[in-house]
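Right, one structure below, let's go through it.
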Amino acid sequence: MTTELSTTFTPADIETRWYKHWEETGAFRPERPDAEPFTIVNPPPNVTGSLHIGHALDNTLQDIVIRYERLRGKDALWVVGTDHAGIATQMVVERQLEERQDKRTNYSREDFIAKVWDWKAESGGQITHQLRRLGCSMDWSREQFTMDPHFDKAVLKTFVDLYNDGLIYRDKRLVNWDPKLKTAISDLEVETQDIQGSFWHFKYPLEDGVTFADGRDYIEVATTRPETMLADMAVAVHPDDDRYASVVGKHVVLPITGRRVPIVADEHADPELGSGAVKITPGHDFNDFDVGKRAGFVAGEMLNMLTGDGDVCQTADGLVPDEFLGLHRFKRDGVDGARELVVERLKEAGLLIPHIAKTKKDEEVEHDAEPRKIATPYGDRGGVVIEPWLTDQWYVDAEKLAAKPIQDVRDGTIEIVPKSWEKTFFNWMENIQPWCVSRQLWWGHQIPAWFDKDGKVYVAPSEKEAQAQAGEGVELTRDNDVLDTWFSSALWPFATLGWPEEKQPLLDKHFPNNLLISGFDILFFWDARMMMMGQYNMGRAPWPKLYLHGLVRAADGAKMSKSKGNVVDPLGLIDQYGADALRFFMAAMESQGRDIKMDEKRVEGYRNFATKLWNATRYCQSNGIGKSTTIKAPPARLAANQWIIGEVQSVCSEIESAMEDLRFDAAANAIYQFTWSKFCDWYLELIKPVFGGEDTPASTETREVAGWALDQILVMLHPFMPFITEELWHAQGDRKDDLILASWPNPRAQVSKEATDAIEWVIDLTTNIRSAKNELGISPGAKLAAFLPEASDLAASTVERSSAAIERLARLTPVTLGEAPAGPAMQVTALSDVFVIPLEGIIDISEERTRLEKALAASQKEAKSLEGRLSNANFIERAKPEAVEKAREDFAHHAGEAERLTAALERLG
RNA sequence: GGGCGUAUAGCUCAGGGGUAGAGCACUAUGUUGACAUCGUAGGGGUCCCAAGUUCAAAUCUUGGUACGCCCACCA
């Protein structure tokens, strides 16, 4: 029995109810031990996160895939969980402490970490709740967290193995240091921004007794970072730069510190830039670090003049004047920093070379520095300028780990979709730098390394084992640092399935996964590292296919960001239009290789689509059309029924091939067009006359076919719009199973060509009559008489078999096969048949003549163009036979049409 | 400095060697008891520019132009 539907569709009324039902009944992970597995893992959102529009896109696409595969009978597993997000989470909890005038360092490490766990227990579930609102059918029963105990094991094992294989090592070198978060970060976490800065020119005095040939006793250097001169260790000039050849090997005496440093020749110095001489600060600049090494300094000797906060501290040689100590590197909160003071002191000493600028009036004006755009590195989390800082950190030898993933993509073991990303992937992977994985945080996986008093390191999965390595009685201290969050999430495709435990049927069955869907923005952060760790730990690629989607942008095409205030909240859209509408929008807009611009009108349009389906179902119910009992198409004799069965088959294969290619837009549009333009606009209209009176074999057959077709729509639409389809599925009758676990259509019915031709004919007739009426200003409701003087076989049989539909849709009285009475009439075609519709007293005959002439002109134009092509010998000879055949058919059609219209005009007189 | 992408209707976008599509917007209209969150009909495009390949180019090639993104140490 069907359940009566309310007259309006309100998404909020059904969404929570169905989600709860699915989750409680285990529908997201049905027992299918013998089925072919299909596995995807969800990019674990930060546990601190809330659902943004990008998550909505990413997870909608994944849910469409997993629901589709589940309907196709696979053992579909969508692994879900959250990421402990080291920096982000620690920041959230620290901010909470700050609000209470408290701070992290008031606590022991253990106590602070306990607070973070408390926070997670209380507030960490927001995003998982929001994913549920989107309708995502993940396996919540196995929800993962990157700091679960079994995940710890996976991380420890990976670290120790990599260390033992020489692929993780400790090194002292410059790192990207975030002075706000006081931790090292990786290259990828640095974002370069062009900001307006200054380029200062200074005189560095040469040591006593050294001058240039012209008597000049200083060397000019230019810099954007004057403050770091407190740790300068050299001045570099290009080896081929004749201007400086005479002073290479000599020394300068640095202003302020009085440090005596050499002038060295190094290719790094660009003769074209500034004066061609550059100050070298190996401890605070990546290039200078390399120059310094080439000049013979070892890392341990390189001077450091900044604390981890970015404040000035004393250098090892003790030459920094007291007035600098404790100043911040730059001006901060209106207080001058070391930069400003250095400039001031040099200016006072007459060592600043002013920049001469011309005003608009061509007057010369002196400035302290030349204005200049400077590419400045910022930390992506802390948002402050990164300081290259000399520290000991742990590095992963990414270059070695990258070799197999590169090969996997190269030989097709991993397919990247869209393919255009491959180049970007190769470009990065082939130039990959060592990955700094240690972070000076408390929240995260603590590095499994212990040091003895002499600084010797012991890496082991536990302190006990480290102690065993070190020998009894050796006092060990554990490394305080934790690992980069991405180190653990790189293990996601297998650590979530139980690796490295020995016996893991789940792992055996579901690794490798079948597909990874992610935004291109984490291609390097996450996807590439999963490839590396998959190969390293499991010996194979984690998935055979990587689908990369774009960003969701604001309506004006700008990137959404909190600071711009143009962020669209997906939850707000769900509240307003329903999750189904938002999901459908995401799918319909997801063409490969392009970002999605937010378009709320379109979301509204898909809400309307849901309403349309709702009302179509209500109509079905009011005519006794309920659930279908078969998966196979019911037997059908009526033309309309055969036609819709054929159309279901064709849309089904269209969707299947779109899904095979991961063309979400094509799949969504196919089901949309079928449902609205075929099923609602034509099929439901065609069958209306059948339900006029008593039950007949025709009405029984039609109810069965219509119920079946609607069921197929619900199944095919379900991956895109899970909520409304599930609701309607049950409203259509009592069912053993929920739609989420139903079977994908498999229609292989025979459909006669005659039947489908007949429906095409009725549709053409109806459209043409409506159009003609409109053009002639005849009321659309007017019921007209129609005559077919020369009916084709198709016309004759269709008029006989589908008279009720024709009369209703085309608004005709019963069609007469035969001549029309003399008098004014309009001529309307249906495929190749010409109807004569008397219009005595209804219209002016000249209007009809105009209409026909217009149509004739159009047909003749087409026919002429085709004729021209067909009379071209080159075309006949060289074009593909199908193209020639097609052109002939088209010509015949248009020429025939022109003929018919000419005849019609003649009849008009 | 490298690499990638995009230019198609007023807007947002599909498509693609045989003469152009969708949704929204627009115009006209409201007949048939699912639906006005709707129906019906319609208007609207030198497919960025130029050259080349081809019987045929919006589609392929090359070169421009414009916009966007990513990577890179220019002090």
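Nothing here was measured: the structure is a model prediction, and the numbers come from that model. Quick note: numbers below take in every heavy atom, side chains included, and nothing from hydrogens, waters or symmetry partners.
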Tell me what R869(A) touches on the nucleic acid: a base, only sugar-phosphate, or nothing, going by heavy atoms under 4.0 Å. base

Expressed in whole Å, how much space separates the C1' atoms belonging to rG17(B) and rA41(B)? 34 Å

Does a salt bridge link D232(A) with K279(A), judged by any charged N lying under 4.0 Å from a carboxylate O? yes

A588(A) vs D890(A), nearer the 5' end of RNA chain B by closest nucleotide: A588(A)

List the steps, then state whether salt bridge (charged side-chain N to carboxylate O under 4.0 Å, His left out) holds for E685(A) with K688(A). CA-CA 5 Å; E685(A) 296 302 327; K688(A) 275 179 182 174; 3.1 Å; yes

Please work out which of the three classes, parallel, tilted or perpendicular, describes the rings of W428(A) and F524(A), given edges at 30° and 60°. parallel

Does a nitrogen or oxygen in the side chain of K612(A) sit under 4.0 Å from OP1 or OP2 of rG39(B)? yes

Any base atoms under 4.0 Å from S771(A), or only sugar-phosphate, or nothing? Heavy atoms, all strands. sugar-phosphate

Around E4(A), counting heavy atoms of other residues, nucleotides and ligands shown, do more than 12 lie under 6.0 Å from its CD? no

Look for any protein N or O under 3.5 Å of an N or O in nucleotides 23-31 of chain B and output each such pair with its distance, or none.
| residue | atom | partner | partner atom | Å |
| --- | --- | --- | --- | --- |
| rU31(B) | O2 | P780(A) | O | 3.3 |

Taking rA14(B) as the reference, what is the distance to rA50(B) when you measure between their C1' atoms (whole Å, please)? 27 Å

If you define the side chain from C-beta out and look only at heavy atoms, does anything of Y244(A) sit under 4.5 Å from I263(A)? no

R618(A) near the nucleic acid: base, sugar-phosphate alone, or nothing, with a heavy-atom cut-off under 4.0 Å? sugar-phosphate

Using a 4.0 Å heavy-atom cut-off, does A269(A) contact any base of the nucleic acid, only the sugar-phosphate backbone, or nothing at all? base

More 5' along RNA chain B: N615(A) or K423(A), using each one's nearest nucleotide? K423(A)

CG-OH distance between N623(A) and Y619(A), expressed to the nearest 0.5 angstrom: 4.0 Å

For T424(A) and rC4(B), is the shortest distance between a side-chain N/O and OP1 or OP2 below 4.0 Å? no

In whole Å, measure the gap between the C1' atoms of rG44(B) and rU8(B) for me. 14 Å

CZ of F584(A) versus P of rA22(B): gap in Å, rounded? 16 Å

Look at the side-chain N and O atoms of K279(A) and state whether any lies under 4.0 Å from the OP1 or OP2 oxygen of rA75(B). no

When we call it a touch if two heavy atoms are under 4.0 Å apart, what does K773(A) touch: a base, just sugar-phosphate, or nothing? nothing

Kindly give the atom pairs (protein nitrogen or oxygen, nucleotide nitrogen or oxygen) under 3.5 Å for nucleotides 72-74 of chain B.
| residue | atom | partner | partner atom | Å |
| --- | --- | --- | --- | --- |
| rC73(B) | O2' | N287(A) | ND2 | 3.0 |
| rC73(B) | N1 | N287(A) | OD1 | 3.2 |
| rC73(B) | O2 | N287(A) | OD1 | 2.8 |
| rC73(B) | O2 | N287(A) | ND2 | 3.2 |
| rC74(B) | O2 | D270(A) | OD2 | 3.4 |

Would you say the ring centroid of Y606(A) lies under 6.0 angstrom from that of F720(A)? no

For rU19(B), take OP1 and OP2 only and decide whether either is under 4.0 Å from a side-chain N or O of K861(A). no

Given F525(A) and E189(A), is the side chain to side chain contact (heavy atoms under 4.5 Å, CB included) satisfied, shown in steps? CA-CA 9 Å; F525(A) 273 113; E189(A) 291 159 280; 3.8 Å; yes

What's the gap between rC24(B) and rG1(B) when it is taken at their C1' atoms, as a whole Å value? 43 Å

If you write RNA chain B from 5' to 3' in dot-bracket form, with Watson-Crick or G-U pairs under 3.5 Å, [ ] for crossing pairs and | for pairs with another strand, what do you get? (((((((..((((....[..)))).(((((.......))))).....(((((..]....))))))))))))....

Carefully, step by step, assess T766(A) and W682(A) under the rule side chain to side chain contact (heavy atoms under 4.5 Å, CB included). CA-CA 10 Å; T766(A) 306; W682(A) 288 108; 3.9 Å; yes

Are H201(A) and F199(A) an aromatic pair by the rule of ring centers under 6.0 Å? yes

Determine the contact category for G550(A): base if any of its heavy atoms lies under 4.0 Å from a base atom, sugar-phosphate if only primed atoms, P, OP1 or OP2 are that close, otherwise nothing. nothing

Hey, are R225(A) and E387(A) close enough for a salt bridge, meaning a charged N less than 4.0 Å from a carboxylate O? yes

Select base, sugar-phosphate, or nothing to describe what A879(A) touches, counting heavy atoms under 4.0 Å on all strands. base

Side chains of R703(A) and S699(A): does their closest heavy-atom pair fall under 4.5 Å? yes

Within the 4.0 Å heavy-atom criterion, would you say C680(A) contacts the bases, only the backbone, or no part of the nucleic acid? base

What is the nucleic acid contact for T8(A), judged by heavy atoms within less than 4.0 Å: base, sugar-phosphate only, or nothing? nothing

With the side chain counted from C-beta on, respond yes when H238(A) and D270(A) share a heavy-atom pair under 4.5 Å apart, and no when they do not. no

Do R607(A) and rU37(B) have a side chain to base donor-acceptor pair shorter than 3.5 Å? yes

How would you label the contact of K783(A) with the nucleic acid (heavy atoms, under 4.0 Å): base, sugar-phosphate, or nothing? nothing

